Amino acid sequence: MSVRVRFAPSPTGHVHIGNIRAAIFNWLFARHENGVFLLRVEDTDRERSTPAAIASLLDVMQWLGLDYDEAPLYQTSQVAAHLEAARRLLEQGDAYTSAKGGDGEAIVFRIPWEAERVPGVALVGPVETPVHPETPVTIDRAGVAYALVSAKGKAVPAGGCLAGFRDLEVLDADGRVRFRLADVVDQVLAGAASFAVEQPARLRYTRRQVGYHDAVKGDLAKPLDSLRDFVIVRSDRTPVFHLANVCDDITQHITHIIRGDDHVENTYRHVFLFAALGAPIPHYAHLPMIVNREGKPYSKRDGDAFVGDFRDKGYLPEALFNYLTLLGWSPGDDREKLSRRELVSLFTLDRVQSSPAQMDARKLDNLNGQYMAALPAARFAAEARARLRGLRWADGLDEALFGRVAALMQSRAKRYADVEGWAYFFGELPEYEAAACAKFLAAAPVRAALGALADRLDAMPELTDAGVEAAVREVAAAHGFAEGKLNQPIRVATTGCTIGAGIYETLVILGRSRSVKRLRHAVAATSAG
RNA sequence: GACCCCAUCGUCUAGAGGCCUAGGACACCGGGUUUUCAUCCCGGUAACACGGGUUCGAAUCCCGUUGGGGUCGCCA
């Protein structure tokens with residue numbers, strides 16, 4: 001059977017990197033397996049799902065090249081199917097209605113009493129649990145409720161679905177059986193009877209568990225007595241996530257569910273739903289969370305973790321895509337910069353890490369810088385130029401000059417946002433950083449040398465790398481400066497800051513007249529102040 | 001609190017009992033490119049959370065402790 005996977009976000013805001021990482025892993029898996037990658041928009045939360053959020057989701061997916069193979073399925077279009085499924089479950093006896101907690105009647109899915117019919121359910125063995133004597137044990141259609149005894153002797157509420165307590169016997173302090181579920185189970189399941197056992201001491205029953213194999217985490221299981229029946233249709237007749245999600249997975253014939261760690265607990269419930277709806281249980285893989293700098297999971301409050309923000313800051317989609325694949329996955333060797341094609345051929349779920357990964361912005365910057373350096377010069381220049389749209393200093397900019405600046409700066413750029421710092425190449429004078437001036441331009445001998453350099457450059461017909469270098473060396477030597485000691489002052493005087501490309505190349509690009517003008521301006525301004 | 005999951009340099013990771021004196025990358029520090037610098041090159045600091053087992057041998061297997069995370073809704 002061919003692989004079919006889906007990315008199923010709820011469009012309630014901007015997409016953050018944890019989400020999109022799940023999308024990337026799904027996409028990679030589908031492409032690796034020659035399968036199908038689908039998009040499902042879980043827009044049933046009408047309060048928070050907005051057209052703008054959906055548009056931004058689609059936009060971001062396109063930007064990252066996450067192409068999907070069939071038309072997106074909007075969950076709101078499936079409500080009738082969800083309700084029909086609930087009706088079937090009711091009819092089959094796999095669900096019941098409950099008036100508890102809402103305005104009308106909700107539909108509750110029952111963890112099946114005959115749980116063994118579901119693949120993955122296994123007998124664990126006999127269990128005896130001490131319970132708090134002052135809290136009666138109650139048994140009704142919704143399950144068994146009791147209280148454990150805490151270390152301090154307090155009653156701690158606990159309970160689970162009926163199926164979790166097969167062969168349940170409630171014993172009193174003398175060891176006598178006060179209640180036996182087997183005697184009354186038919187009435188309880190039918191909702192025709194409920195029981196409360198006062199002064200209980202122990203619960204005795206056969207524990208069963210439901211398990212599944214997780215492609216990332218291995219074999220996982222959970223005892224049925226810690227699972228509860230759950231609402232699948234609210235009292236206002238709207239389907240709940242669990243039902244909608246499973247129904248849609250069945251509708252879309254999903255074979256592998258790859259999603260965030262936070263869904264592990266849901267899986268135990270979903271397994272029963274798939275079975276009750278007569279569908280095969282899909283394969284599962286749960287991805288570790290991506291955490292922020294504090295080691296906490298990214299929440300939608302972490303404003304800097306939206307995918308759109310990375311685009312705005314000028315990261316290349318290929319670089320972000322590549323970086324995100326490295327969070328919780330590796331090819332097993334030392335390779336890191338991997339093309340999409342390589343990623344597709346290398347990606348397997350068994351190489352996914354099972355512990356959370358922390359985002360490292362600096363490593364992303366480095367990778368992005370590698371991608372930028374590898375870009376064809378013309379494309380880099382075009383993108384960089386586009387970045388400047390709307391900036392005042394870029395109005396009426398000399399395009400030929402910009403091309404030379406881009407060529408000089410490409411290998412050093414980390415993000416397109418860096419381009420905004422290129423202002424000093426344009427205009428007559430740069431903006432001077434006060435701290436830089438104080439540090440490099442304060443000494444009188446420096447200013448004298450800079451003045452001499454200005455005269456020297458002014459006398460040259462045009463500036464060349466070699467010519468500038470020779471001039472700088474001569475002036476430095478003549479004024480008693482060691483090799484290179486004049487370079488930072490020159491940089492500050494002509495660019496206003498302390499970092500940039502090679503200073504000779506920079507002066508050449510600035511040209512004779514502006515280089516001279518800036519040197520003289522810096523000398524005059526600092527002498528005056 | 002209960003249940004479940006996780007644990008290698010600061011960070012991302014390699015590591016499926018001997019190849020590990022624990023490898024790579026980012027960051028950091030130092031040096032080089034007989035000049036500056038955000039590029040490039042070379043070098044360095046830096047980790048198996050702790051305690052018990054199992055084994056001739058453990059980062060790798062088991063148990064416990066500690067720490068972190070997830071889940072316990074008529075949210076998704």
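Lettering of chains follows the sequences in order, A, B, ..., and the numbering in each one begins at 1. All values below were derived from every heavy atom in this structure, side-chain atoms included, with hydrogens, water molecules and symmetry-related copies excluded. Fair warning: this is a prediction, and the values are worked out from it, not measured in the lab.
Expressed to the nearest 0.5 Å, how far NE2 of A:His270 lies from CD1 of A:Ile281 amounts to 12.0 Å.
Each side-chain hydrogen bond (donor to acceptor under 3.5 Å, both in side chains) pair with one or both residues in residues 409-419 of chain A, not counting sequence neighbours, would appear here, but there are none.
Here A:Arg447 pairs with A:Ala444, A:Val523, A:Thr526, A:Ser527 under the side chain to side chain contact (heavy atoms under 4.5 Å, CB included) rule; sequence neighbours left out. Listed by chain and residue number, nothing satisfies the ring pair (Phe, Tyr, Trp, His ring centres under 6.0 Å) test with A:Phe272 (two or more places apart in sequence, or in another chain). Every residue was checked against the ring pair (Phe, Tyr, Trp, His ring centres under 6.0 Å) condition with A:Tyr323, not counting sequence neighbours, and none meets it. Partners of A:Pro223 under the side chain to side chain contact (heavy atoms under 4.5 Å, CB included) rule, at least two apart in sequence or in another chain, are A:Arg207, A:Asp225, A:Ser226. In this structure, A:His479 has no ring pair (Phe, Tyr, Trp, His ring centres under 6.0 Å) partners at least two apart in sequence or on a different chain.
No contact: A:Gly260 has no heavy atom under 4.0 Å from any strand.
Under the Watson-Crick or G-U wobble criterion, with both distances below 3.5 Å, B:rA7 is paired with B:rU66. Pair check for B:rU33 finds none; no Watson-Crick or G-U wobble contact set falls under 3.5 Å. Look at B:rC28: its Watson-Crick or wobble partner, with both distances under 3.5 angstrom, is B:rG44. Nucleotide B:rG1: paired with B:rC72 (Watson-Crick or G-U wobble, both distances less than 3.5 Å).
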Pairs of donor and acceptor atoms involving the side chains of residues 494-505 of chain A, under 3.5 Å and at least two apart or interchain, shall be tabulated with distances.
unit_1, atom_1, unit_2, atom_2, d
A:Thr494, OG1, A:Ile490, O, 2.8
A:Thr494, OG1, A:Arg491, O, 3.4
A:Thr495, OG1, A:Arg491, O, 2.7
A:Thr495, OG1, A:Cys497, N, 3.3
A:Thr495, OG1, A:Cys497, O, 3.2

Only pairs under 3.5 Å count here: list side-chain donor-acceptor contacts from residues 463-474 of chain A, not counting sequence neighbours, and write none if there are none.
unit_1, atom_1, unit_2, atom_2, d
A:Thr464, OG1, A:Gly467, N, 2.9
A:Glu469, OE2, A:Arg473, NE, 3.1
A:Glu469, OE2, A:Arg473, NH2, 3.0
A:Arg473, NH1, A:Glu483, OE2, 3.2
A:Glu474, OE1, A:Arg456, NE, 3.0
A:Glu474, OE1, A:Arg456, NH2, 3.0
A:Glu474, OE2, A:Arg456, NH2, 2.9

With 3.5 Å as the limit, what N/O pairs link the protein to nucleotides 3-7 of chain B?
unit_1, atom_1, unit_2, atom_2, d
B:rC3, O2', A:Lys222, NZ, 3.2
B:rC5, O2', A:Lys217, NZ, 3.2

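Applying a 4.0 Å cut-off to non-hydrogen atoms, none of the residues of residues 140-148 of chain A approaches RNA chain B.
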* Structure fact -> Going 5' to 3' through nucleotides 20-36 of chain B and flagging B where a protein heavy-atom sits under 4.0 Å of the base, S where only the sugar-phosphate is that close, and - otherwise, we get ---BBBBS-------BB
* Reading 5' to 3' through nucleotides 42-48 of chain B, protein heavy-atom contacts under 4.0 Å coded B for base, S for sugar-phosphate only, - for none -> -------
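Put simply, A:Lys296 has a side-chain N or O that comes within less than 4.0 Å of OP1 or OP2 on B:rG69. A sub-4.0 Å separation between OP1 or OP2 of B:rA14 and a side-chain N or O of A:Ser330 is present. For A:Arg234, a side-chain nitrogen or oxygen approaches OP1 or OP2 of B:rA76 to under 4.0 Å. For A:Arg351 and B:rA14, the shortest distance from a side-chain N or O to OP1 or OP2 is below 4.0 Å.
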* side-chain contact (heavy atoms from CB on, under 4.5 Å) between A:Tyr96 and A:Asp229, intermediate numbers included -> CA-CA 10 Å; A:Tyr96 53 90; A:Asp229 294 350; 2.8 Å; yes
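Ring centers of A:Tyr315 and A:Tyr371: at least 6.0 Å apart, outside the cut-off.
A salt bridge links A:Lys363 to A:Glu336: one of the charged nitrogens lies within less than 4.0 Å of a carboxylate oxygen.
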